[in-house]
Amino acid sequence: MSFPLLTVTAAVPAVGAILTAAVPAARRTAAKWLALLVSLATLVLAGIVFARFEPGGERYQLTESYAWIKDFGVRYELGVDGIGVALIALTALLVPFVILAGWHDADPLETSSKRWRPTQGFFALILMVEAMVILSFEATDVFLFYILFEAMLIPMYFLIGGFGDRAHAGSDENAAAQRSYAAVKFLLYNLVGGLIMLAAVIGLYVVAGNFSLTEIAGARADGSLEIATSTERWLFLGFFFAFAVKAPLWPLHTWLPNAMGEATAPVAVLITAVVDKVGTFAMLRFCLGLFPEASKWATPAIVVLALISIVYGALVAVGQRDIKRLVAYASISHFGFIILGIFAMTSQGQSGATLYMVNHGISTAALMLVAGFLISRRGSRLIADYGGVQKVAPVLAGTFLIGGLATLSLPGLAPFVSEFLVLVGTYARYPVAGVIATTGIVLAALYTLVLYQRTMTGPVKEEVRKLPDLRPRELAVVVPLIAVLIFLGVFPKPLTDVVNPAVRHTMSDVQQKDPQPEVEAAK
């Protein structure tokens, strides 16, 4: 039996979470260092997975399969394709920075209420989320994926509801009520989506007789398993609804601004840069892989919803007064681009969507974490409370600008490559949709530059006059993220080489070929 590398990659943060939670309460610093070391070990393992993956080899590699619940055909079955490998690498890369950025976010608060924040629990929950997300990117058993898809909601609920950002530190019961509302809304939306998906998972078992993604997809491809058209469409809708909530896609998006606004900045990164990617990843792996005909049937409606997400998210971001909610609505717009690329049904669109998942994660992490450092200094999330920051904290302002420019997909930074591919791939099959989607680029420039202008330029407000610049720990968070954004912006080949073969497999699943350009014959 070969070494179970995929299991170990997910097990290390899971075990690390248990050990971190068990550290004595008086040794908070030891718990932080343990969590950071575990996340770095996970990053090394993810790097080994990336290195061992052969882009030209089998579709699913490093596979593991063990009997789990024999009576129901459930197996512990793992395997990674190029898309899963890329997202595992993203998750493992971001979590150490999330931990380092949140180093003091769960320290005890000296307030009149004497509320105590369980530091060990905060970092243990982050590691548990990492373990579940990585395993969800590896799972090729539909039932196993469903369990992970739902289970990751539990630690996220406590991270959102139990740990507010420093803008609310020592505040009143109203702040606690807002966090509780955001956490419950996050949980209810995703639970409803998960329950609908559960019905679809059971329906899939009834028609297929097992939960193995590879077996079901293979049987559908060779014609040994036929699913009635109406049944396939209902099953597709059950899966897609859950993934659209997680992604999130308009109009199922309303939980995200509340969750990101009330969570700490590192937890907000964990939500939108890591956890939400499970939804878009699952659209590629399960919706297109299991229900190809239904995917093509639903494509026109999904393209329209994606366009609404792009334009609506960007427009609402322009009018935001809260920094974190602005980033949240910008992310809704970006997820619209990702979903548009997936359902454009072109190789450029799907390659761009996968790259967008990775690049959006890195760019959002850079922008949100710098914003978190700024908010923790001033104690306010309101844009109007800032002004002239670049004169008192030039490094903070500069890194904030780079994160913002990455968000608007400036050429030379990683998101530009992915957004360009999505637009090209969409225009090739749906020209009108491609043109409408470009409005998101214009609006992104507007909300990003206006945010920078109002917070960083102009006269120095008295309240920000003594703000310190970025400290060494904070630079250790931001500088590597910016370096990755620049590297992948000028040299995306390491990712495209891994992603493109997996995209070709997905295009084969839905029996689609790229539209050929129309070239007029020379006269």
Side-chain angles (χ1 to χ4, degrees), residues 6 10 59-60 77-88 90-91 129 132-153 156 189-205 211-214 216-217 232 235-249 252-253 256 271-292 294-295 298-299 302 305-306 309 335-343 345 349-350 353-354 356-358 360-361 499 502-503 505-506 509-510:
L6 297 184
R59 180 173 187 175
Y60 294 106
E77 194 170 81
L78 307 180
V80 287
D81 60 0
I83 299 169
V85 164
L87 293 175
I88 290 170
L90 169 69
T91 303
V129 171
M132 292 179 179
V133 170
I134 288 176
L135 203 56
S136 70
F137 292 142
E138 299 171 346
T140 55
D141 182 278
V142 178
F143 189 81
L144 174 62
F145 174 83
Y146 169 76
I147 294 296
L148 297 164
F149 187 82
E150 291 290 86
M152 69 180 67
L153 301 179
M156 286 307 309
Y189 267 66
N190 284 274
L191 278 178
V192 169
L195 288 174
I196 293 174
M197 179 183 170
L198 177 60
V201 169
I202 295 171
L204 179 66
Y205 176 76
F211 293 105
S212 172
L213 171 68
T214 54
I216 297 172
E232 179 177 343
L235 293 177
F236 168 86
L237 290 174
F239 277 82
F240 180 79
F241 182 86
F243 303 152
V245 172
K246 183 84 78 178
L249 178 68
L252 306 171
H253 66 284
L256 183 63
I271 295 169
T272 190
V274 177
V275 172
D276 287 355
K277 298 302 187 301
V278 176
T280 47
F281 162 80
M283 291 179 189
L284 279 166
R285 173 168 283 190
F286 296 102
C287 288
L288 273 61
L290 293 174
F291 315 111
S295 297
T299 289
I302 295 172
L305 292 177
S309 286
F335 275 105
F337 275 107
I338 295 171
I339 296 169
L340 181 65
I342 292 172
F343 285 90
M345 300 293 182
Q350 292 186 358
T354 304
Y356 216 132
M357 293 185 222
V358 176
H360 169 263
V499 165
V503 167
H505 285 298
T506 304
D509 288 340
V510 293

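Quick note: numbers below take in every heavy atom, side chains included, and nothing from hydrogens, waters or symmetry partners.
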Closest heavy-atom contact between [X] and [Y]?
X	Y	value
G194	A242	N-CB, 4.4 Å
I342	Q350	O-NE2, 3.1 Å
A273	L90	O-CD2, 3.6 Å
V499	A86	CG2-CB, 4.3 Å
G336	A306	O-CB, 3.5 Å
G289	A217	O-CB, 4.0 Å

Q) What's the verdict on side-chain contact (heavy atoms from CB on, under 4.5 Å) for K277 and F335, showing C-alpha distance, side-chain angles and the deciding distance? A) CA-CA 9 Å; K277 298 302 187 301; F335 275 105; 3.9 Å; yes

Hey, are the side chains of [X] and [Y] touching, using non-hydrogen atoms and a 4.5 Å cut-off?
X	Y	answer
V201	F211	yes
V278	F145	yes
L305	I339	no
S136	M152	yes
L198	E150	no
M197	F241	no

**Q.** Residues M283, S295; criterion side-chain contact (heavy atoms from CB on, under 4.5 Å); working and verdict
**A.** CA-CA 9 Å; M283 291 179 189; S295 297; over 6 Å; no

Nearest-0.5 Å distance that lies between atom [atom1] in [X] and atom [atom2] in [Y]:
X	Y	atom1	atom2	answer
D81	T506	CG	OG1	7.0 Å
L204	L290	CG	CG	6.0 Å
I147	M132	CD1	CE	10.5 Å
Y60	L78	OH	CG	12.5 Å
T354	L87	OG1	CG	7.0 Å
K246	L256	NZ	CG	12.0 Å

Q: From the options F137, F243, F143, select the one residue that forms a ring pair (Phe, Tyr, Trp, His ring centres under 6.0 Å) with F149.
A: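 In the set F137, F243, F143, the residue that makes a ring pair (Phe, Tyr, Trp, His ring centres under 6.0 Å) with F149 is F243.
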
Q | Residues in salt bridge (charged side-chain N to carboxylate O under 4.0 Å, His left out) contact with E232, at least two apart in sequence or another chain | A | R220

Q: List the steps, then state whether side-chain contact (heavy atoms from CB on, under 4.5 Å) holds for M357 with L284.
A: CA-CA 12 Å; M357 293 185 222; L284 279 166; 3.7 Å; yes

Q.
Pair F240, F343 - check ring pair (Phe, Tyr, Trp, His ring centres under 6.0 Å), show working.
A. CA-CA 12 Å; F240 180 79; F343 285 90; 5.8 Å; yes

Q. Where the side chain of R285 meets the backbone of I83, is there a donor-acceptor pair that is under 3.5 Å apart?
A. no

Q: Indicate yes or no for a side-chain donor-acceptor contact from E138 to the backbone of V80 under 3.5 Å, with no hydrogens or angles considered.
A: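 Checked: no pair found.
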
Q: Run the numbers on F239 and V142 for side-chain contact (heavy atoms from CB on, under 4.5 Å), then give the verdict.
A: CA-CA 11 Å; F239 277 82; V142 178; 3.9 Å; yes

Q. Between D509 and R59, is there a side-chain N and carboxylate O pair less than 4.0 Å apart?
A. yes

Q. Any side-chain donor-acceptor pair under 3.5 Å between E77 and S212?
A.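 The answer is yes; a qualifying pair exists.
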
